[in-house]
Every structure is written in structure tokens, then in C-alpha cells.
Amino acid sequence: MQNLLIRGGNSLKGQVRISGSKNAILPIMAASILSHGEIILNGVPDLEDIKVMSEVLEILGATIQRRKDVLIINCANIDSFEVPEHISRKMRASNLVMGALLSRFGRAKVAYPGGCAIGSRPMDLHLKGFNSLGYEITDEYGYMSGINRNAAGKEIMLDFPSVGATENIIMAAALIPGTTIIRNAAREPEIIDLQNFLNRMGAKIRGAGLDCIRVEGVTRLGGVEHTVIPDRIEAGTFMTAAAITRGDIYLDNVIHEHIQPTIAKLRETGAEIMLNSSGIRIIGSKKIRSTDIKTMPYPGFPTDMQPQFMALLSVAKGTSIMVETIFENRFMHVPELRRMGADIKIEGRVAIIKGKNHLEGAAVEATDLRAGAALILAGLYAEGETRLSHLEHIERGYDNIHLKLQSLGADIQTKLD
Ligand code: UD1
């Protein structure tokens, strides 16, 4: 098994290019099912999650070719409508094909994704939305099945602005008659990218980025070439790496507007951040200050940046409070950070972080994707060697993070056990 070996203490310096957004590409790949034409996606990073979504589409009968960072998808010959359990368990986002399959073929059978490390993550909002549109949904032996019973546009009020449910319902509504209105929709930038992608294929969707989205059903969608938006969480992770190492780095391929909450919180901790039209420069402060954070749906502070900030605040001057409101069990990185000397107490969904100026390298485990990123950041700061295991979680969502960090001067390498 591969580990990452990190020797802390180097300040990051230089320039890094941010890859295309994982969370934008996954729903866009699922939405390709809606198209009769050829889909060309540019700026696709090299990630395990993208391999899993490719596998899902291939199982359904799509053809996929990859040339460097370009993905060419053709869903003209889809002839299966079932995602088996062994695939669904690999990646929760494989459920995103359900809305598209229902919309285009009127039927779908997808294995429940099951729980995951950060929370139980049910599917009730997705299924309630499908049901409101007129798809009959049944549960059978760990599978959710749907069939079109004269599905047509309806008004749907989401109980919570779930990202996946918003995306799945948009796709389920794209090819049925009538107008669907989704209220209390999630507002994440990845939903705007999905809308742009679908509209360029011929869909009629308005309002993504706001809390009310309107989908007018059309009868057919064609091919398209699309460049995916940059990954705001990868950008935030590198910015936090610069802050914790007191570095000075420049990020290109970023959209400032998408990372405003991360920028605001980094500035509160003392980092200097300068924006220009093509990128962002961040200079870490010698004195990292504490701050309080509450995760919220977009445009609030992203839950996907919570673990990385926890690493940063572990070495801040003063005490910080972190409240996690999105996932009920997203503090798996805390026991690992404690192994490195961090002083963090958990009370339910609240973490109290007493900043220290010393962390010590240790053997730690990446329990999930962003927890892994947090431990890399702590390792870049800590004295001595950090040995990070279970890299498979990190490879799901970061494109060669160790090589990118090496190019910024970090002492980090992979090693076989
Ligand atoms: C997406 C992102 C993930 C991010 C999350 C929140 C992708 C591929 N993943 O995940 O990186 O952390 O948004 O920003 O885009 N919920 C229900 N019932 C449902 C659906 C969700 O109770 O039917 C709950 C979840 O358990 C969770 C909360 O709603 O507590 C938010 O989940 P959601 O916004 O759906 O996240 P995902 O789309 O799974």
C-alpha cells in the first residue's frame, strides 16, 4: 500500500494550476446520458471518482474515450438502466445517473449508495422529487427503482438545499413535458455549470445559482463541447496550505467569486490575499489568528473546506470554534490531528480548537477525502515526518496533489509500505 511521507517546515513558494472541478464534472458526466450526440469535456482532472463515473456510464452502454484532460462521451447506445451495488458503494455520486436515466428512458434501477464516513447521507430528497414529477419509485432489496408514469413538470419544494437532489431533479425534469420549478434549490457554482452544459445541448433551464430553478422540458438534447469550471475546493486547499506554511503562492485557473467564503476566513486568520483577473496570490501570515466558522450551504463556508481549516486553526494563536451544520459525522480527522498534537474537543457538531504553535509528525490515516487533505496540511507544518496512509481517499478528489505540492517546494513523496 502507498503512503505519503511528509517532512514539515518548508514554506510553499511558486505557482500552481487548479484543475477542473470534481463536483461539477460528476453531474455533467451523468447528464451526458440525456444526450443523443457526442459530448466533449475539456479540463477533466485525473481522479478516481471520474474513473468510477466512467465505469458507471460504460456499464449502462455508453462509450468513453480519454485523451489527456479531454473526455469524449457517447450515450447513443445506452441499453442498460441499472447501476449495481458494487459500483454504487464505491461512490455516492453514482446515484446522479438516476434522474437522467428516468428522464431519457423512463426507467432506472440504482443501488443505494449506503452510508459513508462523514454521515448517513440518505436519498429521500432525490426520491421525493422524482415522485412529485410522476415517476413511480419503489424500494427493492437495496435498490431504488423508478418508472415513468406520465411524468410532467411540477413545483417541488426541497426540505433542504441538497446539491445532489437539486442536480438529480434538474436532470429528471429536462426531457419531460411541462415546466418544473425547484424551490429552496442548492445554489452551488457546480449547479450553474450543469445548467450551462445542459442549455448548450438544447435544454431550457433558468435560475441556477439562485434558490428557484425553472426547467422547461424539451424533447431531445444534442452533443456539446464544454470546459468545466475550476475546482473551488482544490483552490481553497492550496490557499490554506500556503497559509499554514507561511508561504507565498500564486494560483491560476480560479474563479474568485466561488471562493469568497474561504478568502474571507483566510484573511481573518491573517493571510494576505491579492486577486487579479487570472488568479490569486496568497501570502501566509507569520502570526496565524484564530477565528470561528460555521459551515453552510453555498454561498456560506463550504463543509468541504472544514477539515483543512481545522488543521490551520490547530496552529493559530487563540481558541477557535468550528460548527459543522451539513454532515453529522464530519470530524473524523480530529483524532488523527490529535495524534499530531492538536488540542481539539468535540461537543456534538461543535469543535473547540485551542491553537498551539507546535505539531509533531506522526503516522496518521486519511479517513475520507477532505480529512486526508487536512492531514497533508498538518504534515506540511509539523516538525519531523508524517506518514499518511489510505491515500485512496485523497486520489478520489485531488489530481496529483503530492506532485503539485512538490513543485511548490514541499518535502512530500509517495512510498510503498
Ligand atoms: C455534494 C458534494 C460534496 C459536498 C456536499 C455539501 C458532489 C459530488 N458532492 O454532496 O462534496 O460535501 O454537496 O456541499 O457534488 N441529505 C438528505 N437527504 C437527501 C440528500 C441529502 O438528508 O436526499 C442531507 C445529507 O445527508 C447531508 C446534507 O443533506 O447532510 C447535504 O447533502 P447534499 O447537499 O445532498 O450533498 P451531496 O450532493 O451528497
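Remember, it's 1-based here, ligands and their atoms both numbered in the order they're listed. No hydrogens, no waters, no symmetry mates; every other heavy atom, side chains included, goes into these values.
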Using heavy atoms and a threshold below 4.0 Å, how should the contact between V163 and ligand 1 be classified: side chain, backbone, both, or neither? both

D304 heavy atoms within 4.0 Å reach ligand 1 at atoms 3 (C), 4 (C), 11 (O), 12 (O)

Show the atoms of ligand 1 that are less than 4.0 angstrom away from any heavy atom in M123. 23 (O)

Any R330 heavy atom less than 4.0 Å to ligand 1: yes

Can E268 and R289 be counted as an ion pair, charged N to O under 4.0 angstrom? no

Counting from 1, what ligand 1 atoms have a heavy atom of F160 closer than 4.0 Å? 28 (C), 29 (O), 31 (C)

Does Q260, at its CD atom, have more than 12 non-hydrogen atoms belonging to other residues, nucleotides or ligands within less than 6.0 Å? yes

Should one rank T325, I233, T303, D124 by closest heavy-atom distance to atom 18 (N) of ligand 1, which comes out on top? D124

Counting C-beta onward and ignoring hydrogens, is there a side-chain heavy-atom pair between T386 and L375 closer than 4.5 Å? no

For K90, is there an ion pair with D49 - N to carboxylate O distance below 4.0 angstrom? no

So does R232 pair up with E190, basic N to acidic O under 4.0 Å? yes

Can you check whether I326 has an N/O within less than 3.5 Å of an N/O in ligand 1? yes

Of G300, A186, P113, P122, the one whose closest heavy atom lies nearest atom 20 (C) of ligand 1 is P122

Just distances here: any N/O of N23 and N/O of ligand 1 closer than 3.5 Å? yes

Could you tell me whether ligand 1 has any atom less than 4.0 Å away from a heavy atom of E190? no

Looking at ligand 1, does any of its N/O atoms fall within less than 3.5 Å of an N/O of R92? yes

Which atoms from ligand 1 have a heavy atom of G164 less than 4.0 Å away? 35 (O), 38 (O)

May I ask you to check whether E392 and H390 show a side-chain donor-acceptor distance below 3.5 Å? yes

Using the side-chain hydrogen bond (donor to acceptor under 3.5 Å, both in side chains) rule, pick out the option among R370, E365, Q306, R338 that qualifies with H333. Q306

Are R107 and Y135 close enough, and set up right, to give a side chain to side chain donor-acceptor pair (under 3.5 Å), and what steps lead you there? CA-CA 9 Å; R107 51 197 275 221; Y135 296 107; over 6 Å; no

Counting only heavy atoms closer than 4.0 Å, does ligand 1 sit against the backbone of H126, its side chain, both, or neither? both

Do C212 and I181 have side chains that get closer than 4.5 Å, going by heavy atoms? yes

